[in-house]
Trainee: 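Pasting a structure below so you can have a look.
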Amino acid sequence: MSQAKQKPAAGSRIMLVKRILMKDGSTQQGMGRPSVYHAVVVIFLEFFAWGLLTTPMLVVLHETFPQHTFLMNGLIQGVKGFLSFMCAPLIGALSDVYGRKSFLLITVFFTCAPIPLMRISPWWYFAMISVSGAFSVTFSVIFAYVADITQEHERSTAYGLVSATFAASLVTSPAIGAYISTFYGDNLVVLLATVVALLDICFILLVVPESLRDKMRPNFWGAQISWEQADPFSSLKKIGKDTTVLLICITVFFSYLPEAGQYSSFFLYLKQIIGFNQGSIAAFIAVVGILSIVAQTVFLSILMRSIGNKNTVLLGLGFQMFQLAWYGFGSQPWMMWAAGAVAAMSSITFPAVSALISRCAESDQQGVAQGMVTGIRGLCNGLGPALYGFVFFLFHVELGGLVPVPSSDDKTTSKDPGEEGCTMMNRMLQEFPNHHSQKPTHH
């Protein structure tokens, strides 16, 4: 009798967990029907929280690794990128089975977990950043979420809106963080970023509805999912059988690898070689960010309707090659500004690629398909800065003379909003799978 009583109790607990995390039909949680705007808010809050950390990031990095700063940053990004590559397909596959909401919660939580550690323990902060690469794949889940709730012809526009939201957070948050740091100190910036991250987690828990239809999910969390489906290398082998998907993944790798490395040193190049001052760099970041928003919302939609998905990707890659060459051969400030405008147009590539690969995947494989792209970009985010960090190490390039480390004798050089802004631009450009989106650097 006692065992009989325990079974219903256990079953009710399972149902309770399912209702909270998987949102079963009539007990669906969240506000309203799932929409692109839910995805937009999640992305904005996550990257806005990181954008606020512009000011303390560079100083903490240099204070923690005074010797070989670039090399250590490259190693940190390398570990993080490799873990993203390994885990993005796994998380995407699991979200295809168990739903998007719970994995949005997991990825946002672990991506933002290092934030409060910045002032508590810098060593633990950078260690957590490295390890968090296993879960820093929010975009693969977000794009799968968007694919669940949009028609095929709507996805490029929806992906462009999500990408533009990232750019919007990049334009606004570094300046806000720099202002607060200048007048109120770094501790308040870290506190505010932590609060924004918690707000994002609460938004997912309370507001975001599940996008994956019930019939596509198992009836209970104990349902089996094959390792073959979730194993990243097995998934890579499977998509290799689809020539189109394989070519898309190869394109992503070779297009994103040079940019991941470039962005890890670009703003240092603008300052030391081209002669940009802090104000010019801050203005450059803002202008390119605003132009990227326009490109990914207005122009992307027009191009997708007029020339098609594939040709839009090709056009974006053409803009990318042009801007990379222009940055490399340009020697005057006006050339950098012109190249920045071209770079903004190249930002149409990622949402167009995401829409293209979404069309090649079945409705129950959107997570693993987007996970492939996110994983490859994560690998590039690790290889690019690691490679550039090693080159900096070989040529003895360090932050000396560039980084205003605060001291008791000189408090006026501890923070410059413009220079801090370029640091965060690099950081965010490496975080986001977009030509204007990644992770912490050090310029």
Trainee: Going from CD1 on Ile248 to CG on Leu356, what distance comes out if it is rounded to the nearest 0.5 angstrom?
Mentor: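 That separation rounds to 3.5 Å.
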Trainee: Less than 4.5 Å apart, any side-chain heavy atom of Val162 and any of Phe166?
Mentor: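 No, side chains not in contact.
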Trainee: Determine, using ring centers only, whether Phe47 and Phe139 are less than 6.0 Å apart.
Mentor: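 Ring-ring flag for Phe139/Phe47: true, centres closer than 6.0 Å.
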Trainee: How far does CZ of Phe85 sit from CG of Leu383, to the nearest 0.5 angstrom?
Mentor: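 One finds 9.5 Å between CZ of Phe85 and CG of Leu383.
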Trainee: Are any of the side-chain heavy atoms of His38 and Pro209 separated by less than 4.5 Å?
Mentor: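 His38 vs Pro209: side chains touch.
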Trainee: Tell me, do Ser136 and Phe110 make a side-chain contact under 4.5 Å, heavy atoms counted?
Mentor: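 Ser136 vs Phe110: side chains apart.
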Trainee: Taking all non-hydrogen atoms of both residues into account, name the closest pair between Cys249 and Met372 and its distance.
Mentor: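 Residues Cys249 and Met372, closest heavy atoms: SG-CB, 4.3 Å.
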Trainee: Between Gln320 (side chain only) and Ser255 (backbone N and O only), is there a donor and an acceptor less than 3.5 Å apart?
Mentor: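 Yes.
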Trainee: If you compare all heavy atoms of Leu105 against all heavy atoms of Leu205, which two are closest, and at what distance to 0.1 Å?
Mentor: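 Closest pair (atom of Leu105, atom of Leu205, distance): CD2-CD2, 3.6 Å.
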Trainee: Might you confirm whether atom CZ of Phe299 has over 12 heavy atoms from other residues, nucleotides or ligands at distances under 6.0 Å?
Mentor: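 Open: at most 12 neighbouring heavy atoms sit under 6.0 Å from CZ of Phe299.
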Trainee: Does the pair Phe322 and Met345 meet the rule for a side chain to side chain contact (heavy atoms under 4.5 Å, CB included), with working shown?
Mentor: CA-CA 11 Å; Phe322 188 35; Met345 285 301 301; over 6 Å; no
Trainee: Please report the interatomic distance CD1(Ile91) to OG1(Thr107), rounded to the nearest 0.5 Å.
Mentor: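 Here the interatomic distance stands at 7.0 Å.
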Trainee: Write down the atom of Ala344, the atom of Val288, and the distance for their closest heavy-atom approach.
Mentor: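 Nearest pair, atom of Ala344 first, then Val288: CB-O, 3.9 Å.
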Trainee: Give the intermediate values and the outcome of side chain to side chain contact (heavy atoms under 4.5 Å, CB included) for residues Leu199 and Val195.
Mentor: CA-CA 6 Å; Leu199 180 62; Val195 171; 5.5 Å; no
Trainee: Output yes when a side-chain donor or acceptor of Ser130 lies under 3.5 Å from a complementary backbone atom of Phe126, and no otherwise.
Mentor: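 Judged by distance alone, yes, a pair lies under 3.5 Å.
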Trainee: So, does Ser358 use its side chain to make a donor-acceptor pair with the main chain of Ser354 at under 3.5 Å?
Mentor: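 No.
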Trainee: Is there side-chain contact between Val298 and Ile302, with heavy atoms separated by less than 4.5 Å?
Mentor: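 Val298 reaches Ile302 side chain to side chain.
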Trainee: Does the side chain to side chain contact (heavy atoms under 4.5 Å, CB included) test come out yes or no for Phe48 and Ile176, once each step is laid out?
Mentor: CA-CA 10 Å; Phe48 188 87; Ile176 295 173; 3.8 Å; yes
Trainee: For residues Val353 and Thr251, determine if any side-chain heavy atom of one lies less than 4.5 Å from a side-chain heavy atom of the other.
Mentor: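 They are not in side-chain contact.
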Trainee: Give a yes or no on whether the ring-centroid distance for Phe143 and Phe350 is below 6.0 angstrom.
Mentor: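 Centroid separation for Phe143 and Phe350: below 6.0 Å.
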Trainee: Drop me the distance from Glu259's CD to Cys380's SG, to the nearest 0.5 angstrom.
Mentor: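 Here the interatomic distance stands at 10.5 Å.
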Trainee: Thinking salt bridges, do Arg359 and Glu152 make one under a 4.0 Å N-O criterion?
Mentor: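 Result for this pair is yes, salt bridge flagged.
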Trainee: Looking at every non-hydrogen atom in both residues, tell me the closest pair between Ile274 and Gly330 and how far apart they are.
Mentor: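 Heavy atoms of Ile274 and Gly330 come nearest at CD1-O, 4.1 Å.
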Trainee: For Tyr125 and Met118, which heavy atoms make the closest approach, and how far apart are they?
Mentor: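 It is OH-CE, 3.2 Å.
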Trainee: Would you please name every residue forming a side-chain hydrogen bond (donor to acceptor under 3.5 Å, both in side chains) with Ser301, sequence neighbours left out?
Mentor: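 So Ser301 forms a side-chain hydrogen bond (donor to acceptor under 3.5 Å, both in side chains) with Arg305.
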Trainee: Are side-chain heavy atoms of Tyr159 and Gln370 found at a separation under 4.5 Å?
Mentor: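 Side chain of Tyr159 against side chain of Gln370, heavy atoms only: contact under 4.5 Å found.
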Trainee: Would Thr111 and Ser132 satisfy side chain to side chain contact (heavy atoms under 4.5 Å, CB included), going step by step from the backbone distance to the final call?
Mentor: CA-CA 6 Å; Thr111 300; Ser132 70; 5.8 Å; no
Trainee: Which heavy atom of Ala197 sits nearest a heavy atom of Ile115, and at what distance?
Mentor: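 Heavy atoms only, the tightest pair is CB-CD1, 4.3 Å.
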Trainee: Apply the side chain to side chain contact (heavy atoms under 4.5 Å, CB included) test between Glu46 and each candidate in Leu104, Ile201, Val108, Val41; give the one that qualifies.
Mentor: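 Answer to the side chain to side chain contact (heavy atoms under 4.5 Å, CB included) test with Glu46 among Leu104, Ile201, Val108, Val41: Val108.
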Trainee: Is there a donor-acceptor contact under 3.5 Å from the side chain of Gln296 to the main chain of Pro351?
Mentor: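 The answer is no, because no donor-acceptor pair under 3.5 Å joins these two groups.
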Trainee: Would the distance check show the side chain of Arg100 and the main-chain N or O of Ser95 forming a donor-acceptor pair, the cut-off being under 3.5 Å?
Mentor: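 Here the side-chain-to-backbone pair exists.
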Trainee: Contact between Met336 and Pro333 at the side-chain level, heavy atoms closer than 4.5 Å - yes or no?
Mentor: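 Result no, sub-4.5 Å side-chain heavy-atom pair not found.
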Trainee: May I ask you to check if Arg377 and Tyr256 form a cation-pi contact, with NZ or CZ under 6.0 angstrom from the six-membered ring centre and within 45° of the axis?
Mentor: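 Yes, cation above the ring, under 6.0 Å and within 45°.
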Trainee: Side-chain contact test, heavy atoms from C-beta onward, threshold under 4.5 Å: evaluate it for Thr157 versus Met304 and give yes or no.
Mentor: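 Side chain of Thr157 against side chain of Met304, heavy atoms only: no contact under 4.5 Å found.
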Trainee: Could you grab the distance from atom CG of Leu52 to atom CG of Leu191, nearest 0.5 Å is fine?
Mentor: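 The CG atom of Leu52 sits 11.0 Å away from the CG atom of Leu191.
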Trainee: How long is the span from the CZ atom in Arg119 to the CG atom in Asp186, to the nearest 0.5 Å?
Mentor: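 Reported value, rounded in 0.5 Å steps: 5.0 Å.
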